[in-house]
Amino acid sequence: MKNKDFEKWTKAAGVRAVKTTAQAAVAGIGTAAAMGAVDWVYVLSASVLAGVVSILTSVAGLPELKE
């Protein structure tokens, strides 16, 4: 992989991971609030895990980048 390609991949994967992390946080906060109490440790850990999974999934390929 060329250096320029790696930079594009890193940027696209990072943007996707940040979006996924934010979506997981919103879902965790919304679900916990509906149940009566927000467990911030759970929300944080689930959000970080979602971001890590997003990065690992991006290794398989990003549709945002043309091969």
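In plain terms, the two heavy atoms of Ala17 and Gly51 that are nearest each other are CB-O, 3.9 Å. Across all non-hydrogen atoms, the minimal contact from Val38 to Val43 is CG1-CG2, 4.0 Å. Between Trp9 and Ile55, the shortest heavy-atom distance links the atoms CZ2-O, 4.4 Å.
Legend: side-chain hydrogen bond (donor to acceptor under 3.5 Å, both in side chains) pairs involving residues 36-62, not counting sequence neighbours: none detected. Screening residues 11-38 for side-chain hydrogen bond (donor to acceptor under 3.5 Å, both in side chains) gives Arg16-Glu64 as the qualifying pairs, with residues at least two apart or on separate chains.
Residues Val59 and Phe6 fall within the same hydrophobic cluster, defined by Ile, Leu, Val, Met, Phe, Trp and Tyr side chains chained together at heavy-atom separations under 4.5 Å.
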